[in-house]
Structure formats: C-alpha cells, structure tokens
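So you know, we letter chains A, B, ... as the sequences are listed, proteins then strands, and number each from 1. If you're wondering where the values come from, they're calculated on a predicted model, not measured in any experiment.
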Amino acid sequence: MQFLISLHINPAVLDALTDEEKAAIGSGHGAFIAELKESGELITTQALVDPSQAVVVSVVGGQPVVTDGPFLEAKEFLGGFYLVDCENKERAIELAARIPDAAITGLGVEVRQVMFADGQLEA
Amino acid sequence: MTGADFEGLLRELAPQVLGTLVRRYGQFEGCEDAVQEALLAASVQWPGEGVPDNPRGWLVTVASRRLIDQLRSDHARRERESATAAEVVPEEVPGTDDTLVLLFLCCHPTLTAASQTALTLRAVGGLTTAEIARAFLVPEGTMAARISRAKQRIKAAGSSFRLPDGGEREERLRVVLQVLYLIFNEGYTASSGGELDRADLAREAIRLTRMVHAQLPEDGEVAGLLALMLLTHARRAARTTPAGDLVPLDEQDRTAWDRALIDEGIGLAKASLARPVLGPYQLQAAIAATHADATTAEETNWPQVHALYLVLERIAPNPMVTLNRAVALAETAGPAAGLALLSTLDGDERMAGHHRLLSVRAHLLEKSGDPAGAYQHYRRAAKATASIAEQRYLQARAARVKP
C-alpha cells in the first residue's frame with residue numbers, strides 16, 4: 001500500500017525554533033530517510049521551498065495571470081512529503097510518528113493512502 | 001523458441017537451480033544472487049545460441065561459478081575454484097522437492113508479508129527485481145532494498161534448508177498459501193500497463209500454486225486455493241468494461257468467462273470437498289464454483305451459497321465472511337434479513353466505515369425500496385474506497401438511485 005505522508009508547516013513556528021531545534025529536525029529527517037531506505041519502504045521524498053516563494057497561476061480570458069504568494073490564506077502550508085510503500089495504514093501511521101515534525105506543536109504530519117499513480121518510477 | 005517460451009523455461013528452472021545450489025553450498029543469500037546472474041546470462045545467450053542440451057546443468061554450472069567468484073576474493077583461488085566448478089558434471093538432482101523447500105524458506109515467518117511476496121516472486125518465480133518492482137508500482141531501488149533486507153533476515157534467522165516437520169510444516173504451508181493468495185489478489189484487484197502487468201502477477205500466482213499442488217496433491221487446501229484462483233481468474237475478461245469500469249457478478253456476460261479454467265476449477269473444488277478436513281480455501285472455492293455453475297445470475301443456487309458461507313463463518317469467523325453471507329441471505333430470505341445480519345457488524349471496529357460494509361448496505365437498501373438510504377450509503381462507500389474503479393462504480397450506482 002502506498003501512502004503520502006505530507007508535512008504541513010507553519011513558517012512562524014519554524015522561525016521561532018532555536019538553531020539546535022532546527023538542526024535536530026534536519027538530522028531527524030536524515031535518520032528517518034536512511035531507515036526507510038534500508039527497510040525498502042521509501043519511494044521518494046521531496047521538500048518544498050518557503051510558501052513566500054510560491055506563485056499562483058490562473059488563466060483569465062485565455063491569458064495566464066501570475067500572482068505572488070501561496071494560494072491558501074492560511075497559517076500552515078505544505079512543506080514537503082514522503083511517498084512510502086508499506087504493509088498497511090497502521091505501519092504508515094507508525095512511520096509518520098517517527099518524523100521529528102510530529103513532536104512539534106504547530107507542525108502537522110498527515111497520512112493519506114494513494115489511490116492512483118502514473119508516470120516514471122525511476123526519476 | 002519464442003521469447004515467452006524462454007521466459008517460461010527460465011521461470012520453471014529458476015527454483016530448481018536455486019534449490020540445487022542452496023543444498024550444495026548452504027547459504028541462501030549468495031546463491032540467490034548467483035542464480036539471478038545466471039538467469040540473466042541465459043536470457044542473453046540462449047535466444048541467439050540456442051538452448052543447451054541440459055539447460056538446468058548449464059544454469060547450475062554458471063551460477064556455481066558466479067557464487068564462487070563472489071565467495072573468493074583471492075585471485076588465484078578464484079581461478080582454481082572456477083575451473084573446478086566448470087568441470088562439475090551437471091548431475092540430476094531431484095529438483096521437485098527443492099522448490100517446495102525454497103517456497104517455505106521465502107515465506108519465513110520473520111519476514112513481513114510484503115517481503116515474503118517479493119522474495120517468493122524472485123527466488124521461486126524467477127522474476128527479476130525490476131519486473132517485481134513494476135508489478136507492485138514501486139521504484140526498482142525500493143524493491144531491491146526490500147529483497148536484500150529479506151535475505152539478510154533469513155540469514156540472521158539461521159534457517160536450514162529443509163522442510164519443517166509435522167505441525168510446523170502444516171503451519172508454514174498455510175503461510176505459503178497466504179502469500180500465493182496475496183500475489184494473486186495483487187494481480188486481481190487492479191490492472192495497469194507495462195510489460196509485466198498485474199494480470200501476469202495473477203498468472204504467476206496460479207503457476208506457483210499449480211506447482212505446490214503437483215507436489216502435495218493430497219492437500220485439500222492447496223487444491224482449494226488453486227480452484228479458487230482458477231475460478232476467479234476465469235471471470236477476468238467479464239469483470240470490467242472496455243473503459244475499465246467494474247461489472248458486478250450478476251451483470252457479467254457469462255459467455256466471456258474462460259470455460260476451460262472454470263471446468264478445471266469446478267473439478268478441483270469438487271474433488272477437494274471430498275477431503276475429510278475442510279479449510280477456508282476449499283469453502284471459498286466451493287462458493288466460487290456454485291456461482292460458476294449457474295448459466296445466468298438468476299439461476300445461482302443461493303441457498304447453497306448461503307449454507308457454504310455459514311460453514312465458513314463457523315470454521316474461520318471473520319466480519320468479511322458475515323458480510324458476504326448477508327448478501328446470500330438477502331437473496332434467499334429477502335433484503336430485510338440481509339440488513340438485519342449486517343447490523344450485527346456495526347459494533348465491529350474492523351468494519352467501521354469500511355467501504356464494503358457501506359456498499360453492501362447500500363445495495364440491500366436499494367433492493368428493499370429505500371433509494372434515499374441507498375444513495376447516502378453508495379456515496380459514503382465511494383468516498384471510503386481506495387480504488388478508482390470501485391469509486392466510479394459506486395458513484396454510478398448512487399447516480400442511478402438518486403432520489
């Protein structure tokens with residue numbers, strides 16, 4: 001079963017962390033990735049740039065209109081994700097709980113099963 | 001010989017060659033890698049140069065050489081050992097037994113079901129890591145990591161290459177059957193493109209189950225599982241529309257069912273029912289055979305289906321069995337009786353919000369003349385499923401009963 005474990009960040013919460021705390025998150029992800037690779041459960045993981053770097057594209061009257069900033073008017077934004085292939089939902093939840101973000105109030109870790117996939121597997 | 005013939009021959013020989021090597025050299029991990037390399041060499045050389053007179057001996061010799069290459073890093077010793085390996089006269093080792101031992105080893109209880117499946121397909125099925133990865137829709141690196149982990153675990157568990165005895169053997173055979181059924185279901189539930197699509201996975205599961213059945217013809221559950229797979233696989237062409245939409249059993253074009261597979265499945269199911277001890281696969285095969293026996297959906301012998309589910313519920317209690325029995329009960333005693341049986345599942349944690357419970361309830365509500373209730377449940381079931389084909393089917397049903 002494939003699951004998307006998405007990391008929802010609040011940039012204000014991240015900014016408020018100390019340097020040690022930020023470093024701990026970084027190394028926590030590193031260890032988590034190594035573990036997933038060894039168990040053969042990691043398909044891919046990607047981190048996204050800060051939401052302030054995002055633009056929203058819409059087509060109005062056949063012309064593309066580009067607006068600076070994220071689409072959502074929210075405090076929390078998608079910061080990145082893990083795509084895993086594991087035994088069942090319980091295992092996906094167990095994995096998600098090991099992500100350092102899950103232990104920090106204000107950062108969210110969400111688990112959802114993949115329903116359809118297409119495209120190249122080997123990037 | 002065509003490409004498919006080569007592939008078939010190699011898959012047939014793979015477990016025999018691996019079994020011979022493991023028996024001779026003891027270690028599973030290195031032997032498995034060596035056999036994969038030998039298979040690769042054969043698939044490159046044979047189509048051009050022709051199949052050698054003794055293909056199994058050829059594979060054993062090449063794999064032994066590779067193994068010894070791996071084992072000895074010292075150059076001089078490697079030369080000497082390879083020369084010796086090349087001289088080995090391919091001997092006839094009874095290969096049939098070894099395949100079963102291999103299968104038992106790959107379904108080692110310390111492995112997760114996903115690892116058991118992958119290892120079985122590679123070591124016994126002779127599939128490459130790339131083929132298995134494609135079939136399970138994961139990158140090759142992911143599958144390679146999983147297989148190498150599984151091999152390490154087997155090594156760590158210190159398994160010896162022999163069939164377990166008595167009760168342990170019986171227990172392990174159940175795991176083997178479960179893994180084969182898992183492989184089959186993986187191929188049955190979805191379809192996608194690619195060289196090795198999921199129908200091939202179902203065919204591979206059938207081939208491996210046939211192999212086990214050939215070695216254990218007296219085991220009723222092995223026969224039952226094979227019958228169940230054949231009867232299910234026979235319906236494949238009728239199960240979806242050309243657009244990929246699901247067609248429920250009662251609406252399938254029964255002339256599109258594979259008659260030869262059905263006849264074989266029914267024969268096996270009937271023969272296995274005569275065994276003194278009945279297991280869940282035999283009963284499920286008997287249910288599938290009852291469905292296959294009816295030329296139209298209306299002619300289905302529902303009292304018999306219901307009775308079989310009743311026995312199944314007794315020997316292997318499981319909310320899914322009760323759910324299926326509710327469908328059969330509704331056919332014999334009316335939708336109200338089916339709905340009443342369903343309500344006994346409401347307190348079951350495993351079933352709460354399960355799309356199968358929601359969709360069966362929707363179906364029975366529709367039959368009992370409650371389109372509003374059916375609409376709600378079809379919609380909820382569509383949201384709860386992780387399969388697009390099923391979601392489209394349930395949404396179509398919802399649209400049909402929309403009040």
Margin query: So for atom CZ, which belongs to B:R379, do other residues, nucleotides or ligands contribute more than 12 heavy atoms lying within a distance under 6.0 Å?
Written below: no
Next item on the list: Any chance you could measure B:R149, atom CZ, to A:K37, atom NZ, to the nearest 0.5 Å?
Entry: 14.5 Å
Item checked: Inter-residue atom distance A:Q113.CD - B:S387.OG, 0.5 Å rounding -> 10.0 Å
Next item on the list: Please say whether more than 12 non-hydrogen atoms of neighbouring residues, nucleotides or ligands are located less than 6.0 Å from CD in B:E171.
Entry: no
Checklist line | B:S148 versus chain A, the contacting section by heavy-atom distance below 4.5 Å | finding: neither
Item checked: Heavy-atom donor-acceptor pair, B:Q391 side chain to A:M115 backbone, under 3.5 Å -> no
Next item on the list: Please say whether more than 12 non-hydrogen atoms of neighbouring residues, nucleotides or ligands are located less than 6.0 Å from CG in A:D68.
Entry: no
Check: Counting only heavy atoms not in A:K75, do more than 12 fall under 6.0 Å of its NZ?
Finding: no
Item checked: Nearest heavy-atom neighbours spanning A:G40 and B:T142 -> O-CG2, 2.9 Å
Check: Counting only heavy atoms not in B:R172, do more than 12 sit closer than 6.0 Å to its CZ atom?
Finding: yes
Note to self: I want to check something: taking the side chain as every heavy atom from C-beta on, are A:D85 and B:M143 in contact at a cut-off of under 4.5 Å?
What the structure shows: no
Item checked: Over 12 foreign heavy atoms within 6.0 Å of CZ, A:R98 -> yes
Next item on the list: Mind checking the OG1-CD spacing from B:T112 to A:E41? Nearest 0.5 Å is all I need.
Entry: 7.5 Å
